[in-house]
Number of protein chains: 2
Amino acid sequence: MANIKDIAAMAGVSIATVSRALRQPGLVKDKTAAKIEEAIRELDYKPNLVAASLRRQKADAVIIAVPSIHNPFTSSFVEGVENVARENGTKVLLAITESRSDLLDRHYEMIAGKQADGMILLDLIEPSDLARKVAGASPLPIVLACEYQDGKDQPRVRVNDVDAAADAAAHIAGLGHTRIACLSGPSVQRMSRDRQRGFRLGLRRAGLELAEDLIVAGDYSLQSGVESTFALLDRGHPFTAILCENDEMALGAIHALAVRGLRVPQDVSVIGIDNMRFAAFSNPALTTVSLPTTAIGEQAMRLMLDFAIDADGACREIILPHQLIKRESTCPPQA
Amino acid sequence: MANIKDIAAMAGVSIATVSRALRQPGLVKDKTAAKIEEAIRELDYKPNLVAASLRRQKADAVIIAVPSIHNPFTSSFVEGVENVARENGTKVLLAITESRSDLLDRHYEMIAGKQADGMILLDLIEPSDLARKVAGASPLPIVLACEYQDGKDQPRVRVNDVDAAADAAAHIAGLGHTRIACLSGPSVQRMSRDRQRGFRLGLRRAGLELAEDLIVAGDYSLQSGVESTFALLDRGHPFTAILCENDEMALGAIHALAVRGLRVPQDVSVIGIDNMRFAAFSNPALTTVSLPTTAIGEQAMRLMLDFAIDADGACREIILPHQLIKRESTCPPQA
DNA sequence: TTGTAGGCGTTATCAG
DNA sequence: CTGATAACGCCTACAA
């Protein structure tokens, strides 16, 4: 494969000139540039980015680490990151971690190894390097999105999960429901704990309590929404609404209720959180709290870029707004 | 940041020994290795992968290029690729192209630029380098998945879309339907043309024809499934079943039919292709043709690895089997 | 078992 | 405006 030396030889100039022609076209004479361009075409020359990277100490690439790609939230988030990265000529590399430390660490090596300039993390785990970082040390080029650890000086962008969940609960309470069930997520995740707290908060504001016997723990999957709902129905305790910690479980709940011959929303109201793409098209369409997923990705990437310019000066936390979306899956309880 | 030289100095050995200790541990004395390990820990040394890459002419990474990540098919496919890559210590980098040549080419540069060893392409477009490749030239390190151009000597793995669609059509015909509608995809995509052909083939085998006035073109999205179905109903031509070129549009169709007060499957049967994750949980659960999405990813990655070993010897085409999955969205037409 | 040294392909500095 | 040259950090014959 042709390299810069071959081009220089063919164009009759030095390699320095070729390099300049490529990176700072203004600095070379038009005629020289033309000869170089000709040689490049002739030899089908492609710059070796690895060599450039080694010399410049910069890869023009960032890694997004996500636990799973089977997740509409992930998709929109990545889309947001791409939007901003693209304008900036930065490549975005997606890494899937399955929330396994070894996989995340393997990708984090790419940063230590200079193959990428930074990492945007949408996960509940973190690279072990970040974990053992001592307070006060200069922050790593990592932007946290949504899942976050307290007390780390990393830039982060997130929504207020407590408020979002509280809004969902308030909507249900406002419709007049009192026997209210809940499909929760894995409580190891901060997000799940926050949403759980939000549900309680929203209910309490209306003078209600979340009944412990109406809470079922799932894992945020469609499947677990179905199973949890069956479990709930089998307990035999009556309820007229289900607060779901995410849309996917809510969709599972709607499916399970239909299987058992219950009508949504007349018999049971269902509400989710996320406003994932499918939520508008379920039968019935899902009432939910919309999260600015794409905007989160965009802000995360901006934070990453700011961070590259000035690691200490970059903003440390951005919180984006959510919004209740009323559709067909909720209504007042029918006496 | 500490480099190999620092380690060598601290451990009192040469850099060659350090490098060996890292790459071929068998070749250094235990005691020396221990000193080196100690120094590595002490200085928190991380090998510079870019430098190694430059020297070894290998990046231990492959790129998967996909048009969109908003797509359950993509997710499972990527999962398959990861499964195999992981065993092999290869990093998988996902690139999203939106089927735009400029974006795909930007990522293809990473191969020419040695930042990645190859590319697995799940897209209908191809890098311009591949497009202008002359027949007979040695094949590029690119594995094609599903979408493919005829007459290119690239390794590829795919399903038989014609057969898959024919099976769906045969199922519908077998139930006794005769007025059969169809939601098609963008005919620029080979996959869409193949599935369309398959529908016709399956119907003809049963002595039926696809009525032109009952075909609506969509773009494979949920949204377009909804809209196309409304359009179909508004035409006023009666039908008792809809063949959908993919599950996502099928789910949209089910939603639209429900909105118009039609029952699935009693009034209209609906069948899709893909067996995406949500298909089992819609109301009613979707009858569809299951495609071995994850297996496609696994095979694609294997092909990539084989290709790295022997570009000319590697297998050129793998075709994987599909299977009809009967669920709740189809039944005989009700007189 | 270890050390020496050349080179991977660029970029950037400094003269000219 | 252009050229010579020293890095960038690592790997790998080859020699010892």
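All heavy atoms count here, side chains included; hydrogens, waters and symmetry mates do not. Naming convention: chains lettered A, B, ... in sequence-line order (proteins, then strands); numbering from 1 in each chain.
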Verdict with supporting geometry, Glu317(B) and Arg158(B), side chain to side chain contact (heavy atoms under 4.5 Å, CB included): CA-CA 8 Å; Glu317(B) 181 166 60; Arg158(B) 63 186 188 94; 2.9 Å; yes
Residue mapping more 5' on DNA chain D - nearest nucleotide basis, Ala2(B) or Arg20(B): Ala2(B)
Any donor-acceptor N/O pair under 3.5 Å between dG9(C) base and Arg55(B) side chain: no
Between dC8(C) (P) and Leu49(A) (CG): distance, integer Å: 18 Å
Closest listed nucleotide, where the reference is the side chain of Tyr45(A) and the choices are dT11(C), dT10(C), dC14(C): dT10(C)
Distance, rounded to the nearest Å, where Lys5(A) contributes NZ and dT5(D) contributes C1': 12 Å
Sugar-phosphate, base or nothing in reach of Val13(B), heavy atoms under 4.0 Å: sugar-phosphate
Separation of dC1(D) C1' from Ile36(A) CD1 (nearest whole Å): 11 Å
Neighbour count >12 (heavy atoms, 6.0 Å) for atom CG, Asp102(A): yes
Presence of Thr17(B) side-chain N/O under 4.0 Å of dG3(C) phosphate oxygens OP1/OP2: yes
Residue met sooner reading DNA chain C from 5', once Ala16(B) and Leu22(A) are mapped to nucleotides: Ala16(B)
Whole angstrom value for the distance that separates P of dT10(C) from CG of Asn48(B): 17 Å
From Ile120(A) atom CD1 to Met301(A) atom CE, the distance as rounded to the nearest 0.5 Å: 5.5 Å
Distance, rounded to the nearest Å, where Leu27(B) contributes CG and dG3(C) contributes C1': 14 Å
Pair Glu38(B) + Arg41(B): basic N to acidic O under 4.0 Å: yes
Presence of Asn3(A) side-chain N/O under 4.0 Å of dG9(C) phosphate oxygens OP1/OP2: yes
Integer-rounded Å distance: dG9(D) C1' and Leu54(B) CG: 9 Å
Integer-rounded Å distance: dG9(C) P and Met1(A) CE: 10 Å
side-chain N/O Ser19(A) vs dT11(C) OP1/OP2, d < 4.0 Å: yes
Side chain of Ala52(B) - closest among dC14(C), dC11(D), dT12(D): dC11(D)
Residue whose closest nucleotide on DNA chain C lies nearer the 5' end, Thr32(B) versus Ile15(A): Thr32(B)
Asp310(A) atom CG, over 12 foreign heavy atoms within 6.0 Å: yes
Phosphate OP1/OP2 of dG9(D) contacted by Gln57(A) side-chain N/O (<4.0 Å): yes
Spacing of Asp60(B) atom CG relative to dC10(D) atom C1', expressed in whole Å: 14 Å
